[in-house]
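Quick caveat, the model's predicted, so the values are computed rather than measured. Side-chain atoms are counted along with the backbone in the values below, which use heavy atoms only and exclude waters and symmetry mates.
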Amino acid sequence: MRVGYTAWAGLRRASPQPGDRVAVSGIGGLGHLAVQYAKAAGFTTIAVTRSPDKQELARELGADVVVSDGAQLREAGGADVLLNTNGSNQAVSDAMQGLAPRGRLVLMGIAFDALSVTNMQMVMNSVQILGSAHNGTRYLVEALSIAGEGKVTPMVDVFDKEHAADAYRHTAAGKSRFRTVISFV
């Protein structure tokens, strides 16, 4: 559930207020949990994904709105908080088009491409960019409590220990939809 801790800590790092709209960019191993945590916390939750197969999944996870990009996010009313959970800074730069004035972008997904934002975009809209990892034990306790209440359910690809090499190849090839877990039971 460590990745759930990451999702919850990122949401808390953004300090969303009642009535804020929370968007999640990327509906994968981290993002599917971020959608559930944002919804469990009572926020209008928007999923941003270019993957048609993940759009229905995002709705099942609790997303109130599902969009494909930043332009659609803006048209849908925008977001006060944008949680970046994917591995593409190009995707988050695009999603930022839908970030509301005084919005907060929280970087949680690890990406190796450059994050491109303009000074004008940042200054004119008073946007904040925050980095977030885990941010303290208190958030871990909160994340586990919410999961323990059944409000968040991790989705995993499970492999038996005898197929550990297959699990590695599956993940290395980018075929794991969420997190890959090896069962030793």
Side-chain angles (χ1 to χ4, degrees), residues 1-14 22-41 43 45-69 81-92 94-95 105-115 131-185:
M1 193 57 189
R2 181 177 176 182
V3 74
Y5 174 29
T6 302
W8 178 250
L11 178 64
R12 294 279 279 132
R13 177 92 164 88
V22 176
V24 177
S25 175
I27 310 302
L30 178 56
H32 85 282
L33 292 166
V35 167
Q36 292 178 73
Y37 274 111
K39 190 64 180 177
F43 296 104
T45 305
I46 306 154
V48 183
T49 179
R50 292 184 187 266
S51 302
D53 62 317
K54 291 187 179 180
Q55 291 182 355
E56 184 56 37
L57 172 64
R59 287 181 187 86
E60 292 171 12
L61 294 170
D64 299 294
V65 178
V66 179
V67 299
S68 296
D69 57 29
V81 173
L82 174 59
L83 302 176
N84 171 39
T85 66
N86 62 45
S88 167
N89 281 325
Q90 182 178 357
V92 80
D94 176 79
L105 165 63
V106 183
L107 301 174
M108 295 180 289
I110 303 299
F112 297 100
D113 58 325
L115 176 61
S132 180
H134 297 120
N135 305 322
T137 307
R138 183 177 87 210
Y139 294 157
L140 173 60
V141 172
E142 292 172 358
L144 291 172
S145 177
I146 292 167
E149 292 170 5
K151 295 179 181 177
V152 174
T153 303
M155 301 175 85
V156 295
D157 295 331
V158 180
F159 288 80
D160 294 328
K161 64 183 175 185
E162 293 80 18
H163 296 101
D166 294 333
Y168 174 80
R169 284 190 292 275
H170 179 77
T171 303
K175 294 181 181 178
S176 184
R177 193 159 186 198
F178 302 105
R179 291 288 193 231
T180 300
V181 174
I182 299 172
S183 173
F184 288 90
V185 179

Got a second to check how far [X]'s [atom1] is from [Y]'s [atom2], nearest 0.5 Å?
X: Phe159; Y: His170; atom1: CZ; atom2: NE2; answer: 4.5 Å
X: Asp160; Y: Asp166; atom1: CG; atom2: CG; answer: 10.5 Å
X: Ser88; Y: Leu115; atom1: OG; atom2: CG; answer: 10.0 Å
X: Leu83; Y: Tyr37; atom1: CG; atom2: OH; answer: 13.0 Å
X: Glu60; Y: Met155; atom1: CD; atom2: CE; answer: 7.5 Å

pair [X]-[Y]: side-chain heavy atoms closer than 4.5 Å:
X: Arg12; Y: Arg138; result: yes
X: Ile27; Y: Ser51; result: no
X: Lys54; Y: Arg177; result: yes
X: Asn84; Y: Asn89; result: yes

Does [X] use its side chain to pair, donor to acceptor, with the backbone of [Y] at less than 3.5 Å?
X: Thr49; Y: Gln55; value: no
X: His32; Y: Phe178; value: no
X: Asn86; Y: Ala91; value: no
X: Tyr5; Y: Ala143; value: no
X: Lys151; Y: Ala40; value: no
X: Ser68; Y: Arg50; value: no

Give me the atom names and distance for the closest heavy-atom approach of [X] to [Y].
X: Ala167; Y: Ile182; answer: CB-CG1, 4.0 Å
X: Val66; Y: Arg59; answer: CG2-CG, 3.7 Å
X: Lys175; Y: Asp157; answer: O-OD2, 4.5 Å
X: Arg13; Y: Ser132; answer: CB-OG, 4.0 Å
X: Leu30; Y: Gly109; answer: CD2-N, 4.2 Å
X: Ala14; Y: Val106; answer: CB-CG2, 3.6 Å

**Request:** Could you tell me whether the side chains of Gln36 and Thr45 share a donor-acceptor contact shorter than 3.5 Å?
**Result:**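 No donor-acceptor contact under 3.5 Å links the two side chains.
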
**Request:** Let me see the working for Leu61 and Lys39 under side chain to side chain contact (heavy atoms under 4.5 Å, CB included), right down to the final yes or no.
**Result:** CA-CA 9 Å; Leu61 294 170; Lys39 190 64 180 177; over 6 Å; no

**Message:** A quick test of your reading: do over 12 heavy atoms of other residues, nucleotides or ligands sit less than 6.0 Å from CD of Glu56?
**Reply:**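 It does: Glu56 CD has more than 12 such atoms within range.
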
